[in-house]
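Below you'll find the structure, written out as structure tokens, and then a few comments.
Chain letters run A, B, ... following the sequence lines, proteins first, then strands; residues in each count from 1. As a basis for the values below, the full set of heavy atoms in this structure was taken, side chains included, without hydrogen atoms, waters or symmetry mates.
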Amino acid sequence: MTAQPDDATLLDIHQRMTRIRIFETEAGKLMEDGKIPGALHLYVGQEAVAAGVMAHLSNADWITSTHRGHGHLIAKGGEFGRMFAELFGRSDGYCKGKGGSMHISNMELGMLGANGIVGAGPPIAVGAAFSCRFKQTRNVAVTFFGDGASNEGSFHEAANMAALYKLPIVFVCENNGYGEYTPQANHQAVVDVADRAPGYGMPGAVVDGMDAVAVYEAAGVALERARDGAGPTLLECKTYRFFDHVGVRGMGLSYRTDEELAEWQQRDPIVLFEQRLAELGVLDPGAALAVREAVAAQVQAGIEFAEASPMPDPAVLLDDVYA
Amino acid sequence: MTAQPDDATLLDIHQRMTRIRIFETEAGKLMEDGKIPGALHLYVGQEAVAAGVMAHLSNADWITSTHRGHGHLIAKGGEFGRMFAELFGRSDGYCKGKGGSMHISNMELGMLGANGIVGAGPPIAVGAAFSCRFKQTRNVAVTFFGDGASNEGSFHEAANMAALYKLPIVFVCENNGYGEYTPQANHQAVVDVADRAPGYGMPGAVVDGMDAVAVYEAAGVALERARDGAGPTLLECKTYRFFDHVGVRGMGLSYRTDEELAEWQQRDPIVLFEQRLAELGVLDPGAALAVREAVAAQVQAGIEFAEASPMPDPAVLLDDVYA
Amino acid sequence: MAEAEAVPAVRELTYVRAINEAVRLVLAEQSTAFVAGEDVAGAGSVFGYYAGLLKEFGPERVFDTPISEEGIVGLGVGAAATGLRPVIDIMFMDFMGECMDEITNQMAKMRYMFGGAATLPITLLTMSGAGMNMAAQHSQSLEAWLCHLPGLKVVMPATPYDAKGLIIAAARDDNPVIVALNKMSLRFKGEVPEAAYEVPIGAANIVRRGENFTIVTYSRMVHEALQAAQELAELGVDAEVIDLRSLQPLDSETVLASVRKTHRAMVVHEAVRFGGLGGEIAAQIQEHAFDDLDAPVGRVGAPFSPVPFSPQLEKSYVPNAAKIVAEARRLLGA
Amino acid sequence: MAEAEAVPAVRELTYVRAINEAVRLVLAEQSTAFVAGEDVAGAGSVFGYYAGLLKEFGPERVFDTPISEEGIVGLGVGAAATGLRPVIDIMFMDFMGECMDEITNQMAKMRYMFGGAATLPITLLTMSGAGMNMAAQHSQSLEAWLCHLPGLKVVMPATPYDAKGLIIAAARDDNPVIVALNKMSLRFKGEVPEAAYEVPIGAANIVRRGENFTIVTYSRMVHEALQAAQELAELGVDAEVIDLRSLQPLDSETVLASVRKTHRAMVVHEAVRFGGLGGEIAAQIQEHAFDDLDAPVGRVGAPFSPVPFSPQLEKSYVPNAAKIVAEARRLLGA
Ligand SMILES: Cc1ncc(C[n+]2csc(CCOP(=O)(O)OP(=O)(O)O)c2C)c(N)n1
Ligand SMILES: Cc1ncc(C[n+]2csc(CCOP(=O)(O)OP(=O)(O)O)c2C)c(N)n1
Ligand SMILES: [Mg+2]
Ligand SMILES: [Mg+2]
């Protein structure tokens, strides 16, 4: 697992990233067209993180996600149709329309939900990791969270418990430099969230979150450690979101400079990855285009599926509160 | 301030430690005699920490304390009579009998309360430190908390905020090796809580909490830094409580060995300190005994004062809820 | 906000602008007041109600915090106890759970536990309510938790006028006051005087006089109740609508006086019906006006589920004028 | 606990031993059950009710946690969602505020938000109540918060029998169930069968039959109510006492049937009266049995202040039989 990715894995990562990118871009448009109600937090720009980590996981491994959760679910195997249906609030959505973007989830895929509460994922993932060990499997839990979330007490408590119990879990901090409209320098005095790892007695690592191979490799090390019973790792991926905090253009605040955005876009994780695949001779530009087209068609099919899905019957309102 | 303590300071520290020791020992007896209701967490063994830190503070500096708070209040200038009155639930108590041991406090002394909630102190101290800076004083806040409390999310959030805002505050972790009956190794994977400091971007230091001079000196450095506007420090004092978690004998659980207790008692902070003072020629054993006797008399007077204090009139029950 | 001279002393403002103006006046009049919370400074809050304040008052008085609700409230408690007058922002009321210990065990009790020695002039602004398809974790009305805690005051303004006046009153009050705003009301307009004025905490407002039915409500449901009252008028029911404005302290006298006149009453809130404040109010009414009641006191609130995401479901979930009318008809046997 | 053969099938046990036995039976019958919390393993809980379980079931099934209430509940949520059946301990109910987000926004809502796909069989034990001079932060009864949250069940046993039966029922239930115990009841004794039995969640218990007054109560106040009923009997009032046992779901039917018979009722709880569950219950009674009521529904609860430390003050603060009798007399005009 700590090895470099083989060709099949590279193509797999590419597929996952492309799926996220096109889904999210379309979702953004649909939102701007008024077709997606509520709040939509898009993952564009951060694809290398979800793809690089999830390439190591099976459905029996668990993840917890964030308010920015579509990318994680797609990388974990989420189907476009059921996802769009959820974003639209339709009855064929993964949550029957009851959850929406912020709670999209699928237990069969091992995806314990996007979450509207910043910092809610880590403690839940600790529980999932405990489960994996309790059942004497080699399965793991991975918890994704942002730089902003790393300041919630819940992260602290979860990290301490994970290290104490040597649980099979990886803490993946997606440091995109902002918590909403607040730059990292205005929410924590440290530059690397990974610096918090030693305080819990776990290893920490910083990796280029725009480089899917780097993420893949670092996640491989951390996951192997976790599966081997050696305990958690805090893996910080430096990344950037290309859209605004919420939606595509957000509230129109100017809290990031155009230059900063442009600089990061220079390092678009998919462009970088495709260049690399071309250099390696694994996927030439034409083949990459074919992948994109195929995915785009799937996305369109997903949208159609979702649009055809009925709105939930008001009679189901009080269902699913209790088992 | 970073200098070694002068003779007057040494005597002052000795006085503070002695006051704590005798007060707490008597309080333990009174509890065992059924004269103090509720829960009583005694500070005996940890005196060097409160005394070494508080020797630097004025009434205009703020502290937050813990459930084990008498020592902090005494070192901050608390009067025995009003303290015993509070422990007895009398109307002359610092809180008019409404708070008791777990909420004993005095705003005029800059003591923001013992606290029944583990981990509650640090965020409040952050607010007090913010106040000190807002008012453009050189005053500081000090927050005392245990090894166990360092696992509460509230500690994490407070530490991050303090470092972010470079507030004039010192985090004093009194690591006595246990959170209630759970040894440190069963509640965190790290040995030194101070290892958490770099994760917030503040310096951390470990000091022998049985050595009042070491505490005094390390606290001096941290406090000077704080007063100078250079931000917080996490100062960990390794110490031990000589009595049980609650009361003197506690619940009678055998979670610590007699050997461990005996080893630490060998390093009784007051005995060590008196040896040192004798060596330095600052206080000979006879003079130390005189201090003890004088304090013991004050403690007795305090108990008498408290015993003479009336119980609160039931008519005051609903007073003090609102300003 | 630089519209100085030309503006009349009373003009139409939105709820969001009224909040903004209130906080601005508070910062201007109280040198020890400051605003702290997530995205309150640079962004002026995600709801926009602190817009411009950072620029006007500077970063020591208006500042962003980390995403650390317990820390934020703790900052408020510590700063207040030591002499400042914090205005603390918790972005969504749904996040109360993250700081409920600070609110419950510190903010609400510190004064009492200290025998009256601590004073905590904290104003805590937060945002409640459903209706924007924000699903289960961004749509709640949890005021029942807060009203059960001695030591706190709780207000929930329904109009721009009350938003401004209650925030100013809260900030001038020496107790912790929670001001729960409503997100669907942000664009509501209403007349708001320019001056700094107080809406007294603890005083309800009779927003519609009526003779034979009392609707007790607060926050956005005031508007739904007013609409329901109009519909009821067509059915020959002349409803009095009481906007409580303050939930703690509760103006029971105004409620009871109305019920003694109308002999019928109902409580309406957006919060989940079971265990909501409506129970307390209904219990008080039947206790103190038992012989005046010609019918049971009704209650309208959200049904017993989390807030659903799907717009259709959410619509059938949130109380509204139609449901108020239906419940009134049921009570009146009409 | 190794008293096997000689013991009769039903014997006297204390409340604390009954809890212990229940958890032991749960761990024995459910291979995926485990106990986690602060000082639950080595110390067997500060109240002693897990004594011996670490030894019997080993450290993977009974373990101590750090002082991290949010983490502890999160552990329970994550473990439950992924197939285990956690028994989670939050030492004092006063600490609920530390984990209220996990309880409110995760535990209570996950199933609904996921469209029914997640199942959370969590049993959360905690300790409520005043009376031991533990002051404002270790004496609260905060069940009103929990009962207001769709997705949770809430039970509060008054007797050893119910403590055991409700804990077993909670652990076998596929929903999150909060079991709020009472610290003043730990030494209470009562008959407890040896076997694993369930007390059904959602079923109240009529602990005293009576004809002309209904006292609805739960937890330790059941005993105070029974004593009050005795005193009332001397005044010619034959009170029926209902121990709700479950607060969510609430057995409204049993309550209403009683009131329809007695025509007078009162709700008693230890929690602060204002905003307590008594309001909900009184509101339901007057709503559904309006024409049956000969007097307003009364309520007894703690007054509106934090719990004071001083023993005398605490005594005048906590509801008791004398206050119940006084309120009953007031209601009856006697
Ligand atoms: C407990 C809580 N506090 C605040 C918020 C509001 N909020 C939503 S997203 C967000 C920023 C999160 O920042 P980060 O963790 O860095 O994730 P990112 O949005 O950058 O992916 C905030 C403050 C929330 N949803 N939950
Ligand atoms: C929020 C909260 N959780 C749990 C407790 C129960 N409790 C009281 S003291 C204590 C141990 C505290 O350990 P530590 O911080 O190391 O302080 P020490 O007692 O060793 O001085 C615990 C768990 C509490 N009072 N508050
Ligand atoms: Mg971020
Ligand atoms: Mg300790």
Quiz item: Does one side chain, of D:Gln312 or B:Asp313, offer a donor that lies under 3.5 Å from an acceptor on the other?
Solution: no
Quiz item: Counting a contact as any heavy-atom pair under 4.5 Å apart, which residues of residues 99-109 of chain B contact chain D?
Solution: B:Gly99, B:Gly100, B:Met102, B:His103
Exercise. Select, from B:Gly153, B:Pro312, B:Gly119, B:Ser154, the one with the greatest count of heavy-atom pairs under 4.5 Å involving chain D.
Key: B:Pro312
Quiz item: Considering all heavy atoms of both residues, which atom of D:Ser310 and which atom of B:Met311 are nearest to each other, and what is their separation?
Solution: OG-SD, 3.8 Å
Quiz item: By number, which residues in residues 314-324 of chain D have some heavy atom less than 4.5 Å away from chain B?
Solution: D:Ser316, D:Tyr317
Exercise. Could you have a look at B:His187, B:Glu180, B:His245 and say which one has the most heavy-atom pairs with chain D under 4.5 angstrom?
Key: B:Glu180
Quiz item: Of all heavy-atom pairs between D:His138 and B:Gly116, which one has the smallest distance, and what is that distance?
Solution: CE1-O, 3.0 Å
Self-check item: Contact origin within D:Met132 toward chain B - heavy atom pairs under 4.5 Å
Solution: backbone
Self-check item: Heavy-atom pairs under 4.5 Å with chain B, option from D:Pro311, D:Ser68, D:Ala135 with the top count
Solution: D:Ser68
Exercise. Check whether B:Leu253 gets within reach of chain D through its side chain, its backbone, both or neither, counting any heavy atom under 4.5 Å.
Key: side chain
Quiz item: Are any of the side-chain heavy atoms of B:Val118 and D:Phe95 separated by less than 4.5 Å?
Solution: no
Exercise. Determine the option with the most heavy-atom pairs under 4.5 angstrom with chain D, choosing from B:Pro37, B:Ser254, B:Ala39.
Key: B:Pro37
Quiz prompt | Residue B:Gln188 versus chain D: region with a heavy atom under 4.5 Å | solution = neither
Practice problem: Please list, in residue-number order, every residue in residues 85-96 of chain B that has a heavy atom less than 4.5 Å from any heavy atom of chain D; write 'none' if there are none. | Solution: B:Glu86, B:Leu87, B:Phe88, B:Gly89
Quiz prompt | Considering all heavy atoms, the nearest B:Lys98-D:Leu313 contact | solution = CG-CD1, 4.0 Å
Quiz item: Residues of residues 314-323 of chain B under 4.5 Å from chain D (heavy atom pairs)?
Solution: B:Pro314, B:Val316, B:Leu317, B:Leu318, B:Val321, B:Tyr322
Practice problem: Looking only at non-hydrogen atoms, find the nearest pair between D:Gln137 and B:Ile117 and report the distance. | Solution: OE1-N, 3.3 Å
Practice problem: Please tell me if the side chains of D:Glu98 and B:Glu152 come closer than 4.5 Å, counting only heavy atoms from C-beta onward. | Solution: yes
Quiz item: Can a donor-acceptor pair be found between the side chains of D:Asp39 and B:Thr182 at a distance below 3.5 Å?
Solution: yes
Exercise. Of all the heavy-atom pairs spanning D:Val46 and B:Met251, show the shortest one and how long it is.
Key: O-CE, 3.6 Å
